[in-house]
Amino acid sequence: MGKIKGYIFDLDGVIVDTAKYHYNSWRKLANTLGFDITEEQNENLKGVSRKESLEYILSLGNLSFPDKEKIKLAELKNSWYVASISGMNDSELLPGALELLKEIRATGLGISLGSASKNSERILKSTGIFEMFDAIIDGTKTTESKPHPQVFLMGAEALKLQPDECVVFEDSFNGVKAANTGGFISIGVGNADTLNEADFVFPDLEGCTIEKIENQISNLK
Ligand code: B16
Ligand code: MG
């Protein structure tokens, strides 16, 4: 039996690929305001809160608005985003995610979500995996954004574990940074060059098992 007792998962980019829906909605907002954004610029929005994403989008268009207007713009983007994810089902789970969650569940080890999204419950329910989580920490519960470690520290606390007893799966640079700052073992999911600060990186969760994770951890020492 390995030493890891808790598994904390980021949502967007690790369990589901919602980045394309975020991109389309932010792009629609930018277009409405008279400019366009690129897929490359969208990369900078991964793991970033809605409010901070809006600031970034507005800076790309050299636009500024009073706070009241910004709230409306963020709500408008979210309404488009929510409409686009309304048809999500388990076919949109990323490869290997369900299998790994099931294996962890079967061992009785802890599982927490650690996401910036305020739509996480909706996504977990529509993809049928809500019940697999012991704790759900997301943007509705946090006051700090990644790279601040708050979201993962709250996850560990909810599982009644210390950070060094948990691994964090993250697809964003800032998320990996947050995990490292919080004292977690960070597992990057995606591009090893982008996620170069992670303890180790898997291209995706396909074939990712507890044994593989524990082996990688023992290689770190
Ligand atoms: P919402 P994660 C993040 O989720 C997304 O990567 C990011 O693009 C999004 O802006 C953020 O959630 C907030 O999402 O607008 O739904 O509250 O990667 O931390 O799971
Ligand atoms: Mg993410």
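Numbering of ligands and ligand atoms starts at 1, following listing order. In this text, all values refer to a predicted model and were calculated from it rather than measured experimentally. Nothing fancy with the numbering, it's 1 onward along the sequence.
Against a heavy-atom cut-off of under 4.0 Å, N119 is close to the following atoms of ligand 1: 1 (P), 16 (O). Close approach to K46 involves these atoms of ligand 1, each under 4.0 Å from a residue heavy atom: 6 (O). Here is the list of ligand 1 atoms found below 4.0 Å of a heavy atom in S115: 2 (P), 4 (O), 19 (O), 20 (O). Atom numbering of ligand 1 starts at 1 in the shown order; those under 4.0 Å from a heavy atom of K118 are 1 (P), 16 (O), 17 (O). Interface atoms of ligand 1 facing R50, defined by a heavy-atom separation under 4.0 Å, are 1 (P), 13 (C), 15 (O), 17 (O). Under a 4.0 Å criterion applied to the non-hydrogen atoms of S53, ligand 1 contributes the atoms 10 (O). Within ligand 1, the atoms closer than 4.0 Å to a non-hydrogen atom of L11 are 20 (O), numbered from 1 in the order shown.
The hydrophobic cluster containing I37 also contains L63, counting ILVMFWY residues as joined when their side-chain heavy atoms lie under 4.5 angstrom apart, directly or transitively.
Using a 4.0 Å cut-off between charged side-chain N and carboxylate O, K125 and E121 make a salt bridge. Under 4.0 Å is where a charged nitrogen must lie from a carboxylate oxygen, and between E157 and K160 no such pair does. The residues K177 and E170 are annotated as not salt-bridged, no charged nitrogen and carboxylate oxygen being separated by less than 4.0 angstrom. R122 has no carboxylate O lying under 4.0 Å from a charged side-chain N of D138, or vice versa, which leaves the two without a salt bridge. Remark: D17 engages K20 in a salt bridge, criterion side-chain N to carboxylate O under 4.0 Å. A salt bridge does not link K3 to E214: none of the charged side-chain nitrogens sits closer than 4.0 Å to a carboxylate oxygen.
The shortest heavy-atom distance from G47 to ligand 1 is under 4.0 Å. In this structure, K146 has a heavy atom closer than 4.0 Å to ligand 1. Assignment of G139 to the shell around ligand 1 is not supported, since no heavy atom sits closer than 4.0 Å.
Atom 3 (C) of ligand 1 has D12 OD2, 3.4 Å as its closest protein atom, hydrogens excluded (heavy atom only). In terms of protein heavy atoms, atom 9 (C) of ligand 1 is closest to V48 O, 3.2 Å. Of the protein's non-hydrogen atoms, the one nearest atom 18 (O) of ligand 1 is D10 OD1, 2.9 Å. Nearest to atom 19 (O) of ligand 1 among the protein's heavy atoms is A116 N, 2.7 Å.
For S172 and N174, the side-chain atoms include no donor-acceptor pair closer than 3.5 Å. H22 and K46 form no side-chain donor-acceptor contact under 3.5 Å, judged by distance and modelled atom types alone. Using modelled atom types and a 3.5 Å distance limit, the side chains of S145 and E52 yield a donor-acceptor pair. For the 3.5 Å distance criterion, the side chains of N44 and Y56 qualify, holding a donor opposite an acceptor.
What you find for I111 and M132 is that their closest heavy atoms are CD1-O, 3.6 Å.
Between F184 and F152, the angle of the ring planes goes over 60°, which puts this pair in the perpendicular group of the 30/60° scheme. Note: F133 and F9 have perpendicular aromatic rings, judged against thresholds of 30 and 60 degrees for the angle between ring planes.
The shortest N or O to N or O distance between N78 and ligand 1 is not under 3.5 Å. Where the criterion is an N or O separation shorter than 3.5 Å, residue side chain and backbone included, W26 fails it with respect to ligand 1.
Counting heavy atoms under 4.0 Å from ligand 1, residue S117 touches it through both backbone and side chain. Only side-chain heavy atoms of H22 come within less than 4.0 Å of ligand 1; its backbone N, CA, C and O stay farther off. Residue-level proximity to ligand 1 for L45 is carried by the backbone, the only part with a heavy atom below 4.0 angstrom. Residue contacts with ligand 1, taken as heavy atom pairs separated by less than 4.0 Å, do not involve V14 at all.
Only one option out of T209, I210, I4 pairs with I104 in a side-chain contact (heavy atoms from CB on, under 4.5 Å); it is I210. Screening D12, N191, V14 against D171 for a side-chain contact (heavy atoms from CB on, under 4.5 Å) leaves a single residue, V14.
If you count the protein N, O or S atoms nearer to the Mg ion (ligand 2) than 2.8 Å, you get 3.
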